[in-house]
Amino acid sequence: MNRTSLPESLGIEKYEVVRDEDAIRIAHTWLAAFCPSRTSFKGILRFKTYMWDIMECDLQSEEANLEYCKHEAPKYVIMEDCFGQDEKIVYVVTQKPIGNEHLQDFHIFPKNLAWTMAFTHEDGWIGPKFSKHKSYEKLNKKNQKAIETMRRNYV
């Protein structure tokens with residue numbers, strides 16, 4: 001299969017691929033935090049059913065975009081909405097995707113899951129969707145502190 005990877009389709013050239021058991025662990029940790037009514041991705045099929053449709057949501061559309069733009073983390077995970085349908089894979093990136101030009105269905109979140117952003121093929125109508133972890137304040141402070149440390153060390 002010679003398709004473009006999700007990060008590349010978002011204009012991100014540098015990324016780490018996480019596969020199989022490690023990817024499953026990350027995906028299921030995300031699922032427990034943001035879709036607690038589900039225990040698996042079974043039945044989520046590309047172009048038919050969507051995790052973003054059932055995920056808990058704090059903000060939608062333009063409000064979600066504005067909140068997303070305010071957040072930074074040292075690293076982000078990019079995960080297809082239909083995780084595991086083709087392969088069990090997630091991507092770790094340092095460059096946060098901005099926008100969803102091709103109207104793809106995917107999630108972006110910091111490695112510590114402080115928050116999540118679901119970009120959708122219905123962005124501008126139903127999506128995108130932004131949600132905070134139940135321990136958001138504590139987790140996001142860690143992200144902010146890490147970013148401040150990185151900036152100090154690279155100045």
Side-chain angles (χ1 to χ4, degrees), residues 4-18 22-38 40-41 44-86 88-148 150-151:
T4 304
S5 75
L6 182 55
E8 289 168 341
S9 71
L10 297 170
I12 298 171
E13 295 178 11
K14 293 182 179 180
Y15 57 91
E16 174 189 343
V17 178
V18 179
D22 290 334
I24 291 168
R25 183 184 44 76
I26 292 167
H28 279 271
T29 303
W30 177 90
L31 190 67
F34 299 106
C35 295
S37 64
R38 291 195 61 106
S40 78
F41 288 86
I44 300 298
L45 304 171
R46 183 176 285 111
F47 309 123
K48 300 222 184 276
T49 52
Y50 305 97
M51 290 304 296
W52 56 259
D53 204 24
I54 59 170
M55 91 177 216
E56 294 183 353
C57 174
D58 295 317
L59 300 168
Q60 284 185 247
S61 299
E62 191 56 34
E63 290 176 328
N65 268 321
L66 291 171
E67 190 67 18
Y68 175 71
C69 288
K70 296 177 190 175
H71 287 78
E72 292 182 288
K75 291 189 178 184
Y76 306 92
V77 176
I78 302 174
M79 177 179 74
E80 276 193 274
D81 188 72
C82 60
F83 173 81
Q85 183 175 332
D86 298 322
K88 292 165 182 67
I89 190 170
V90 297
Y91 305 91
V92 177
V93 299
T94 56
Q95 178 186 347
K96 182 171 81 170
I98 302 298
N100 187 16
E101 178 183 348
H102 302 293
L103 296 178
Q104 299 177 85
D105 297 298
F106 67 97
H107 303 270
I108 177 88
F109 48 94
K111 287 182 80 174
N112 72 354
L113 293 147
W115 50 266
T116 189
M117 179 73 149
F119 286 98
T120 79
H121 68 276
E122 296 181 356
D123 282 359
W125 180 41
I126 293 177
K129 293 182 169 190
F130 185 90
S131 186
K132 295 177 180 176
H133 190 280
K134 64 183 178 185
S135 299
Y136 168 80
E137 295 297 330
K138 180 175 127 184
L139 294 170
N140 202 51
K141 280 183 184 176
K142 288 182 180 182
N143 289 335
Q144 291 170 336
K145 188 173 182 174
I147 290 292
E148 289 170 13
M150 289 169 58
R151 286 188 177 134

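Of all the heavy atoms in L31 and S40, the pair that sits closest is CD2-N, 3.4 Å. The heavy-atom pair separating A23 from V18 by the smallest distance is CB-O, 3.4 Å. Of all the heavy atoms in L10 and G99, the pair that sits closest is CD2-O, 4.5 Å. Contact between C57 and Q60 at its shortest, heavy atoms only, is SG-CG, 3.4 Å. The two residues A114 and Y136 come nearest to each other via the heavy atoms O-CD1, 3.2 Å. For the residue pair L6 and S9, the shortest heavy atom distance occurs at O-OG, 2.7 Å.
Y76 pairs by the ring pair (Phe, Tyr, Trp, His ring centres under 6.0 Å) definition with nothing, not counting sequence neighbours. Looking at residues two or more places apart in sequence or on another chain, you find a side-chain hydrogen bond (donor to acceptor under 3.5 Å, both in side chains) between E8 and S5, Y15. Partners of N65 according to the side-chain hydrogen bond (donor to acceptor under 3.5 Å, both in side chains) rule, which considers only residues two or more places apart in sequence or in another chain, do not exist here.
Between the CE atom in M79 and the CD1 atom in I89 there is a gap of 13.0 Å [rounded to 0.5 Å]. Atom-to-atom distance recorded for L113:CG and L139:CG is 7.5 Å, nearest 0.5 angstrom. Separating the CD1 atom in I26 from the OH atom in Y91 is a distance of 12.5 Å, to the nearest 0.5 Å. Rounding to the nearest 0.5 Å gives a distance of 5.0 Å between CE of M55 and OG1 of T116. Here M51 contributes atom CE and C82 contributes atom SG; the two are 11.0 Å apart, rounded to the nearest 0.5 Å. In this structure, the separation between NZ on K111 and OG1 on T29 is 12.0 Å, given to the nearest 0.5 Å.
Listed by first and then second residue, the salt bridge (Lys or Arg N to Asp or Glu O under 4.0 Å) pairs involving residues 70-85 are R3-E80, R46-E80, E67-K70, E72-R151 (not counting sequence neighbours). Screening residues 91-106 for salt bridge (Lys or Arg N to Asp or Glu O under 4.0 Å) gives no qualifying pairs among residues at least two apart or on separate chains.
Taking the centre of each ring, H107 and F34 stay at or above the 6.0 Å mark. Annotation: Y68 is in aromatic contact with F119 [ring centroid separation under 6.0 Å].
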Would you be so kind as to tabulate the donor-acceptor pairs closer than 3.5 Å made by side chains of residues 127-135, with sequence neighbours excluded?
{"unit_1": "K129", "atom_1": "NZ", "unit_2": "W52", "atom_2": "O", "d": "3.1"}
{"unit_1": "S131", "atom_1": "OG", "unit_2": "E56", "atom_2": "O", "d": "3.0"}
{"unit_1": "H133", "atom_1": "ND1", "unit_2": "S135", "atom_2": "N", "d": "2.8"}

Take Y50 and E122 through the test side-chain contact (heavy atoms from CB on, under 4.5 Å) and record every step on the way to the result.
CA-CA 11 Å; Y50 305 97; E122 296 181 356; 5.9 Å; no
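The environment of E63 atom CD is sparse: at most 12 non-hydrogen atoms of other residues, nucleotides or ligands sit within 6.0 angstrom.
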